Amino acid sequence: MAELDIGTSFIPALFKPSALLPIARHRERLLYLIETFPITIVVGQTGSGKTTQIPQYLDQAGWCLEGKTIAVTQPRRVAATTVAARVAEEMRCKLGQEVGYSIRFEDVTSSATRIKFLTDGLLLREALVDPLLSRYSVIMVDEAHERSLSSDVLLGLLKKILRKRPDLRIVVSSATLDAQNFLRFFVGDSTEENGKENGNGENEPGGSIGRIINLEGRMYPVDIHYLEEPAEDYVEKAVETVFEIHTNEPEGDILIFLTGREEIETMIERIADRLDSINPSAPKLQPLPLYAGLSTDQQMYVFEPAAENTRKVIVSTNIAEASVTIDGIVYVLDCGFVKLRAYNPTTGIETLTAVPVSKASATQRAGRAGRTKPGKCYRLYTEQAYERLAESTVPEIQRSNLAPVILQLKALGIDNIARFNYITAPPSELVVRALELLYSLGALDDYAKLTKPLGTRMAELAVEPMMGKVLLSASTFDCLSEILSIAAMTSLQGAVWFSHEGEKKAQDIARRKFAAEEGDHLTLLNVYQAFVTKGKKEAKWCRDNYLNFKSMTRAVSIRNQLKRYIERFGINVEESLGKEAGILRAGGAGKAEKIRRCLTAGFFAHAARMQPDGTFRTVDGGTLLHAHPSSLMFNRKADWVIFHEIMETGNKTFIRDITKIEKAWLTEYAPEYYRITKR
DNA sequence: GCCTTGTTG
């Protein structure tokens with residue numbers, strides 16, 4: 001940012017006098033609404049200052065007296081930490097004192113903390129031990145319009161808590177489109193009066209429950225352009241548009257939204273191919289990729305200022321829509337598609353496919369061009385196509401595997417899942433499938449009540465239900481120490497290996513050093529054990545072995561956390577770290593078999609059999625599966641296996657983290673499940 | 001022959 005240096009360098013660049021923010025004009029109205037109504041919906045564009053200012057107004061107005069705290073939830077960890085730092089700076093206090101944050105593995109709060117930023121998932125966990133969230137006077141749910149699983153569940157829970165805590169105040173921050181929807185959610189079917197007949201003279205849809213307040217943002221106008229004819233190949237169209245902008249439009253960086261890594265790499269190659277066509281004396285173009293799979297270092301390039309006389313072209317996935325904000329973008333290109341996860345309750349298979357974006361999403365993308373000055377957005381589709389788009393993206397709760405959600409709701413004391421206050425209810429097929437799985441794992445009884453201690457413990461463990469079952473069975477299989485490591489490693493979701501371009505072969509060779517005959521789970525165990533013993537938890541060792549140091553460090557934290565839980569349940573953890581590594585690799589019978597049996601006791605629903613041609617079939621024979629290329633079983637022989645994850649991408653269904661088992665173990669550990677599904 | 005994005009005292 002170009003600002004005059006007038007010698008006041010002690011004021012950080014971030015700092016803007018808060019009195020100048022547009023929100024300052026709404027201070028009194030905001031405080032009045034929050035004082036008067038249980039619910040306040042705040043509609044605020046980016047740059048309105050709602051996240052940083054509202055908690056401070058509340059603190060100044062006395063909402064933190066008598067030891068009470070204001071909670072502000074965020075959907076992402078980085079947001080919680082950076083916003084907390086910003087507010088601490090504005091209040092001129094040390095982070096962790098009056099202002100703090102709390103995210104998994106990092107609690108930067110103290111007894112002095114009055115304003116606490118935290119992830120919405122973590123606040124949900126707090127409700128397990130403090131069901132009325134009694135330490136908070138105000139809870140602000142930020143970015144609620146993103147409709148993440150945890151913020152949806154949190155809002156439903158808050159509605160329930162309100163009935164028992166009339167003193168509690170809830171602030172929901174949302175985009176325009178959803179404000180009415182959120183208010184209706186809190187008013188509708190409530191035990192309180194609902195506005196039409198509240199008799200207090202206020203004829204507003206929120207009745208005596210709540211109000212909506214609009215805050216202006218600090219956005220510059222963005223010109224929207226559409227194609228006249230649909231594009232046959234939007235990557236090609238995007239490349240052409242980049243060069244048109246570059247030759248005809250004034251300076252300013254370009255951000256392009258595509259759906260995935262492959263498209264991004266294609267686009268970058270095509271731009272590079274045509275760079276020679278630019279007049280050598282003209283300004284240059286610097287294409288840069290941005291997607292979650294890149295290392296942190298590789299991602300940092302997009303934030304660095306371009307070389308002189310050079311225009312940055314950032315080619316990104318949806319990560320730049322809300323999670324990552326880049327300054328200096330003046331032109332946005334939107335391909336009109338996004339890859340979304342969806343869970344098929346009939347097959348139990350997750351899909352990852354490109355689908356048209358929603359209007360809300362397209363608006364958000366366009367807005368990325370207007371952060372620092374007026375911008376332009378080129379939609380690589382026609383205006384008619386835009387009109388046909390859905391208003392908003394289907395919320396996660398309607399397209400996810402709900403087993404973890406239902407387990408959590410049950411643990412929060414919400415027994416009647418069907419009558420829970422959902423902002424939008426999930427399809428009943430999803431609920432039924434989740435209940436069936438939880439029942440087959442023994443987490444629910446015949447009356448769909450949480451079992452004790454198994455069900456309640458599974459809900460407390462921060463892993464998915466199937467892995468929770470494995471962890472809680474491990475001591476009876478005499479392999480708890482190993483399973484703790486395996487659970488931590490699978491939680492990394494494939495981010496174990498570090499891939500640099502052109503080093504694929506070396507990486508494969510490195511991987512073979514850890515390979516276990518029995519499959520991926522034991523290989524992951526070997527990696528973990530080597531990291532903490534031979535690797536001394538050092539970055540250099542990871543580099544030498546093509547492992548992701550950050551992920552490995554995270555695995556150590558996850559394992560420690562899981563171990564603490566297990567010990568709190570009164571289960572003894574006998575560490576065998578390091579001793580067994582050699583034995584496992586040699587295929588040493590005893591321990592390895594115990595681990596495979598234990599995994600089967602939790603993952604019996606994820607079983608498959610290899611066919612002579614190397615592909616797999618599900619147990620009922622119905623679905624064709626492929627070992628993911630990252631799996632050891634991609635080019636090895638096996639018979640029956642269990643797997644951690646199943647996902648359909650493009651036109652193939654992949655399974656990953658695969659381990660060999662015996663067929664007989666399935667009926668041994670899940671007799672009912674295999675009787676039911678075989679018919 | 002390969003994963004969009006988040007996240008759990």
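Just the heavy atoms: all of them, side chains too, but no hydrogens, waters or symmetry mates, feed the values below. None of the values given here were measured: they were computed from a predicted structure. Throughout, protein chains are lettered first and strands after them, A, B, ... in sequence-line order, and every chain is numbered starting at 1.
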Is the base of B/dT7 touched by the side chain of A/Gln74 through a donor-acceptor pair closer than 3.5 angstrom?
->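 When only heavy-atom distances are counted, A/Gln74 does not reach the base of B/dT7 through any donor-acceptor pair under 3.5 Å.
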hbond_proxy A/Arg76 side chain to B/dT5 base (donor-acceptor, 3.5 Å cutoff) |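 In this structure, the two groups form no donor-acceptor pair.
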Report which part of the nucleic acid [X] touches: base, sugar-phosphate, or nothing (heavy-atom distance under 4.0 Å, all strands).
| X | result |
| --- | --- |
| A/Glu146 | nothing |
| A/Leu122 | sugar-phosphate |
| A/Tyr565 | sugar-phosphate |
| A/Ser323 | sugar-phosphate |
| A/Thr317 | sugar-phosphate |

Take atom CG of A/Leu157 and atom C1' of B/dT8, then tell me their distance rounded to the nearest Å.
->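 Distance, rounded to whole Å: 15 Å.
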In whole angstrom, what separates A/Arg457's CZ from B/dT8's C1'?
->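 Whole-Å distance recorded here is 19 Å.
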Approximate separation, where rounding is to 0.5 Å, of A/Asn181 CG and A/Thr424 OG1 |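 Spacing of CG (A/Asn181) from OG1 (A/Thr424) equals 7.5 Å.
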Do the charged groups of A/Glu143 and A/Arg76 touch, with an N to O distance under 4.0 Å?
->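 Salt bridge: no.
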Determine, for A/Lys116 against A/Glu126, whether the closest basic-nitrogen to carboxylate-oxygen distance falls under 4.0 angstrom.
->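 The answer is yes: the pair qualifies as a salt bridge.
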Does [X] make a side-chain N or O approach to OP1 or OP2 of [N] shorter than 4.0 Å?
| X | N | value |
| --- | --- | --- |
| A/Thr119 | B/dT8 | yes |
| A/Arg77 | B/dT8 | yes |
| A/His628 | B/dC3 | yes |

Could you check which of B/dT8, B/dG1, B/dC3 has an atom nearest any side-chain atom of A/Leu352?
->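 Selected nucleotide (nearest to the side chain): B/dC3.
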